[in-house]
Structures are given as C-alpha cells and as structure tokens.
Amino acid sequence: MRYRSLLLLALCLLGTGKPTQAEDGYELWLRYVRIADEPLRQAYRNQLRAVHLEATSPTLEIVRDELKRGLEGLLGEAVTWTTRTDLTGLLLVGTPASCPTIAALGLERELTSLGPEGFLIRTLKLEGRPATVIAAQTDIGVLYGTFHLLRLLQTHRPIEALEVQEAPRLRLRVLNHWDNLDRTVERGYAGFSLWDWFKLPDYADPRYRDYARANASLGINGTVLTNVNADARVLLPEFLQKVAALAQVFRPYGIRVYLTARFSAPIEIGGLKTADPLDPDVQAWWQQKVAEIYRYIPDFGGFLVKANSEGQPGPQDYGRTHADGANMLADALAPYGGVVMWRAFVYAPSAEDRIKQAYDEFVPLDGRFRSNVLVQVKNGPLDFQPREPFHPLFGATPQTPLMMEFQITKEYLGFSTHLAYLGTMWEEVLQADTYARGEGSTVARIIDGSLFGHKLTGMAGVANIGTDRNWCGSIFDQANWYAFGRLAWNPYLRAAEIAEEWIRMTFTNEARFVEPVKEMMLESREAVVNYMTPLGLAHLMGPGHHYGPAPWFDKAPRPDWNNVYYHRADTLGIGFDRTATGSNAVAQYFSPLSEIFGSLERCPEKYLLWFHRVPWDYPMRSGRTLWEELVDHYYRGVETVRRWQRVWAALSAFVDAERFEQIATYLRIQEKEAVWWRDACVLYFQKFSRQPIPPGYEAPQHSLEEAMRRQEMLQRFPMPGH
Ligand code: BDP
C-alpha cells in the first residue's frame, strides 16, 4: 500500500507538465500561480525589483498584502520592500497624501480628473531610473490600481511602457444578494448565504474578507445584503449590529452595504397602523429608522426596494405612486448621502401584456423622483430570460437615472451546472441602440449617464455567490461574477476580452487552452437559447423552481404565470403578437425600432416569436419553414454542448484534475438536460405544427410523456433556490 502511494507520488512529481495540485476554485481569478515562462518572469522581475509603499491606512495595508501575495506568487520570490526611491525597477505605490515622492510627481490635476476611485499606472523615470507608479487620489483608487497591475501580470501583458488611466464609468457597482435571514438564498445555487447572521456580530467569518477582496479586484463597491422579497426584521437593532459588523469588514475594500427595505416595515416592526408614504407618522418612522441605521453604519449606502410586485407591499396599497414611495425613503436618506434603488420590476395580474406594464407605470413618473433615487430596471421587460430584447424603459425616462439590473445567478439558464457565460448577453443589451436621441443612443450610454446628463449611475447584479467552496456553484459561473464586475466598471468592455482575461487568470495563459475555451464561453449563451427558447420564445421553464422544460404548463392561478401565455402555440402558428394588431408592445420602442420590431419581415429572427405570431410554414431567411427552423435550433443547441465535451476532453493537460473533472461532469449534465429540453419542446410544439421532425436529425431520446414526467418529478422534490 505504502509502496503504491509512493510510486504514485513519484509519478506525479516526475510529471507530464500537467498541473497536479488539486484546486477547488476557492481562489477564483486571484490564484497568482508562479509564471512558468521564464524570460517573461525575469522581465517582470527586473521591472519590479522593489516596492515603495507606506501603508498608512487599513486600505493601504490591504494593498501591501495583495502586492506581497500577488508578486510573490507570480514571480516566485520574496518582495523587496524599500524606503528608497533611487533604485532601478522600483514600484511606487500610493496617493499624494501617503507618499511624498508621489506628491512630488505633480500628478494632482490628473488624479483629480480621474475621480475618487480612478487611478493611473505609469512607467516613468525616478531620479533618472526607470520605475513604475500606481497612483490615485484615494487609497481605494490605489487598491483598484494594484489589482489592475496584478491582472496585467496574471494575463502576461507587457508592463515596460505603461500608460494606464482608469476611472469607473458607473458610480454604483453593486451586488444584489437575494439572501434571506435564515441563510437560504432565493434563486441561489451555490449553497447557503455567506452571511452567518447567527454568529454575527461577534464572529466575523474570514470569508467575508475574501469576498470583499474578490469584489474589490473588480471594482464592485456596494453590496445589498438582503433579498428583494424583504424581511423587515433586518431593520431591527439586533440585526443592524450584525450589518454593522459586515460593513466594518467591507469598508477598507471600498464596499458599502445596502439593505432591502420592506415597505410595510412601519407596521410590522414599528407598530404603526399604516405604511402610507404620505402619512407624517410613517415618514417620521422612516426618518428615525434611517438615523438609527447611520448610527450603526456611518457610510450606509441606502435602500433597494421591490414594491407592489409579486405580492410585495408598496405605496399603491395606499393609492400612492411609486414616486411617492421612493421619495419618502429618499428624503429620509438624503441628509446622510444615501440613495434609493427603486425597482421597476412591477406587474400585476391584469389583462395588459405583462411586458408592457413597467413602462406604462414608470414613464408617466419621469421627473417626479428625488435626485437620490435611481430606478433599477432589469435588462429585459419580462424576467431575466435567456434572451429578451432590451427593456423599453431604457431611453424613455430622460429625467430619471436608470440603473441596470442583471441576474448573475442563472435562474433561467440552467442553474450552476450549465455552462452559460453571460458576458455576451450583457454586451448584447449594453450595446443595443435605443434610438432615444437618434442613432448611437445605446443602453450603455443611458446607464452611464452620458446620454441624458446624469451623475448618479449604477449597475446591479443579482449575485450567484454562496457558501460552496468554489463560491458560485461551478467554476464557469465564477466568470459571470467576474464579467459583471468588469462591465459595471466599464460597460463598454467586450465580452470576448473579459472572457479571455478570466480564462488566463483562472486557468492558464496557454493559447492552446485559452482559444478553445474562449470559443466555448462565447457561444455558450446562444447554445442555451437554442435548446431552451430559440427565435424569441420565452418563459418555457418548469414552474416555481424554474428548472427544465415545461412549455405545456397552464395550471397557474394567473394567466401571466402560465407558459402557454407566452408561446401561444396552436395549429395555426406560434408566438405573441405584440404588433399593432396585438398588444402593441412594439410601440414602447423608439423609431425605427418600433417599425423594425413591428414588421414581420424586418424583425430580427432572434426576436421573431417575441413580437410576432407566425404560421408554422412561414419561410425563414435560411429557406426553412418556421417549424424546420425551430427544430434546427433545438438540435443545434444540443450539438454545441456535445462538441464542447469533445473540446474539453482534449484539454486535461492544462487543468488540475479536480476542476477538470467537475467541468467534464457538468458538461455531461448539460448535455443530458439540453436533450431533455430539446425533446420536450420539439415534441410538444409538434402537437401543434403537426409536422415531422425533418430528415437528418436524430430521433428524440424521450417521448413527450417521459419529458413531462421528469418535470413532474422535480415538482415533487425540494429544489435549490426555491
Ligand atoms: C423572478 C424570480 C423571483 C424574484 C423576482 C424579482 O423568480 O424569485 O423575486 O424575479 O426579481 O425572476 O423580484
């Protein structure tokens, strides 16, 4: 036995160049593995021979620790710290306040223009010798700059002539945790909530620091700790103490905490009879509550509110508007600099097309919100589906700053086992042209404030983070946290560029690995769209938990929670008529989009069935009929996943066994479930199209009954996130 393990060890040590050290994903993209490319490592080493940094604050201590960890890991040698400034290859780090040498560089004007979170990294001559400087106006800027430099090293970029100037394009870069006080996570697929309320405030889990560090590495500067389906009790002093303890850990990382405010809190925990926002007692209650919160957390960020949506209380319960509700909270927060993020995800059971309701509700309120209110809008008008056109509110409220809400957790895209890189989906939305002020009025320009001149700007991401050792439930889901953070910093970045950075940092810089994996990631969201909801279909998932297919579902208590409401398939055709002959949702878009989306011929096929009801034999651009095209998309989705399995199988030499095996297994799960989706949808829609699956496609692996039974089984068991 002993001999066998020795032999195994020897074999491992002799090695094949394959990484043998098992990795569980905890280190995320901050692994700092020694650079194997010797000339490159030497070059970096020569440019970064010694570090000059005075750690005069908790944040600068974090900078020092990160540099130590990063440089020692990547360069494989101890960092030389120095107080001298006349050495060749010096890395000079700090602010004009922390470092007299930086103060003497005359960078103030430049640093001021980069703002409180911006930084510069520059190669320059110091006392005649080449040096690199990371400088910022604030310590947080220095921290961001440090992570930037380390990213350059991690991704093997040249650093000998740096001229980097960076500042975030958005002010609020915020994770939304849908975490409940009992530590369950709504729509969470990575274990339980990180916030161990029971042990707080006395015990601060070291993981809180690691969480803050990972966020800071991306520039995320806020976290909403609690679920939008809110529990008023988090506003009780017992909980505020716990929130304060978290805020204290996050503060030196530049992260503020926010809470969700349950609109009926004055009744539930305040003993009032009403929560009417125009009632003076209610207003006074919130003012006192906010004052109390700021006593615990002096830099508290503000409230996120879901009101009058899916059963949540809100101002409309008292005949008031969303603006009345938001403004009452905004007034209470204003003296302390806090903000209200008021969600636009509202819809009621009504005869009106669900996707039109938020626009109808909020456009008339434009101009009626206080200046510290942002309206937080999901990327699409329905609900985080694999594909939706952008939300028509973007561009329609010039006087109201709109904050983007993306869902990082993959509620509708296969939870944590399906590979779906969301960078491409978010890029599609951010780059979409709304035409609000003519051509070039992209969604990115609306949320960054440049189109309508707003200073208060932001992006929120519904977090996919939990207690799982790998944080996100899978390695590839870490890429979505990463991509969110990068896009919140700069919504103009490209999904491909972000994916490449992430792969290099998370796995390896080997082109033979980076290229094929990047390709997989970039096509992954489209593959999921193909096997779940192609051609503009939406909302076909299992009811309640939202896993797996159920296009047949029609048993909900309200029509707009039924899947048949969305696809409307019958023997004549399929799709939702949202043109002038139907719900006319197309009219919520600016011209020429309203005409393009409204025209059967001009509508992009990816949105076809979203906007149109189309006969089964409608000729598509490919020359196929609609039915044939639909079948083709479902099969294509499955084939893509099968191809990835082959691609991944050939990459084992580049990845440690633990991560390699987990990904391989998840791809098998994804294939199995893609087939399930395909069979369920193709066979179900075939009942209406009454046409065969065209020749050349494999036979379905399930009967429709089997596919339905599988969904029924899921309905009988507890499911994650639900
Ligand atoms: C839906 C989720 C639900 C959320 C809701 C929301 O299924 O759990 O509460 O969005 O965003 O997609 O409020």
Side-chain angles (χ1 to χ4, degrees), residues 174-182 184-190 193 224-231 258-264 303-314 316 322 325-326 341-349 354-355 357-358 361-362 374-388 391 393 402-416 420 422 425 429 459-464 466 480 484 528 532-533 538-548 550 553 556-558 560-563 565-566 714-715 718-722:
V174 180
L175 287 178
N176 288 184
H177 288 270
W178 287 358
D179 292 16
N180 298 315
L181 301 185
D182 64 2
T184 55
V185 179
E186 183 156 336
R187 312 312 179 182
Y189 315 108
S193 169
V224 183
L225 299 174
T226 46
N227 192 353
V228 285
N229 297 320
D231 187 328
Y258 299 74
L259 292 172
T260 46
R262 185 160 163 89
F263 205 77
S264 51
F303 292 132
L304 168 65
V305 187
K306 172 177 179 176
N308 293 121
S309 168
E310 299 183 332
Q312 294 298 304
Q316 292 178 333
H322 284 282
M341 301 173 287
W342 191 270
R343 296 178 87 224
F345 179 68
V346 301
Y347 65 99
R354 169 172 159 187
I355 71 154
Q357 296 181 29
E361 194 79 59
F362 281 87
L374 296 116
V375 172
Q376 181 169 310
V377 184
K378 289 187 181 183
N379 56 277
L382 179 52
D383 195 355
F384 296 138
Q385 295 302 293
R387 172 168 277 126
E388 299 181 35
H391 202 304
L393 266 174
L402 299 186
M403 187 160 172
M404 174 62 78
E405 180 175 316
F406 286 134
Q407 192 180 44
I408 309 171
T409 188
K410 301 205 314 298
E411 175 181 356
Y412 299 99
L413 289 99
F415 293 7
S416 56
L422 303 178
M425 169 156 115
V429 175
M459 188 187 287
V462 180
N464 63 350
N480 292 327
F484 168 76
V528 173
M532 288 188 183
T533 52
H539 211 291
L540 303 182
M541 68 288 165
H545 53 63
H546 297 168
Y547 202 71
F553 180 67
R558 30 193 280 203
D560 59 348
W561 285 350
N562 277 325
N563 294 346
Y565 170 94
Y566 293 95
L714 288 191
Q715 295 295 324
M719 289 285 282
H722 183 48

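Every value quoted in this text rests on a predicted model; they were computed, and no experiment measured them. When a ligand or atom number is given, it counts from 1 through the structure's own listing order.
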>> Strictly under 4.0 angstrom, heavy-atom based: which residues surround ligand 1?
In response: W178, E186, R187, V228, N229, K306, E310, R343, F345, K378, D383, E411, Y412, H546

>> According to side chain to side chain donor-acceptor pair (under 3.5 Å), who are the partners of N180, at least two apart in sequence or on a separate chain?
In response: T184, N227

> With H391, which residues qualify under ring pair (Phe, Tyr, Trp, His ring centres under 6.0 Å), at least two apart?
Replying inline: none

> If we only count heavy atoms from C-beta on, is the F263 to N308 side-chain gap below 4.5 Å?
Replying inline: no

>> Run the side chain to side chain donor-acceptor pair (under 3.5 Å) test against E411 and tell me which residues pass, sequence neighbours left out.
In response: R187, Q407, H546

>> Under the criterion side chain to side chain donor-acceptor pair (under 3.5 Å), I'd like the reasoning laid out for N176 against Q376: C-alpha separation, chi angles, the key distance, then a yes or no.
In response: CA-CA 11 Å; N176 288 184; Q376 181 169 310; 2.9 Å; yes

> For the atom pair CG (L304) and CH2 (W342), what is the distance rounded to the nearest 0.5 Å?
Replying inline: 10.0 Å

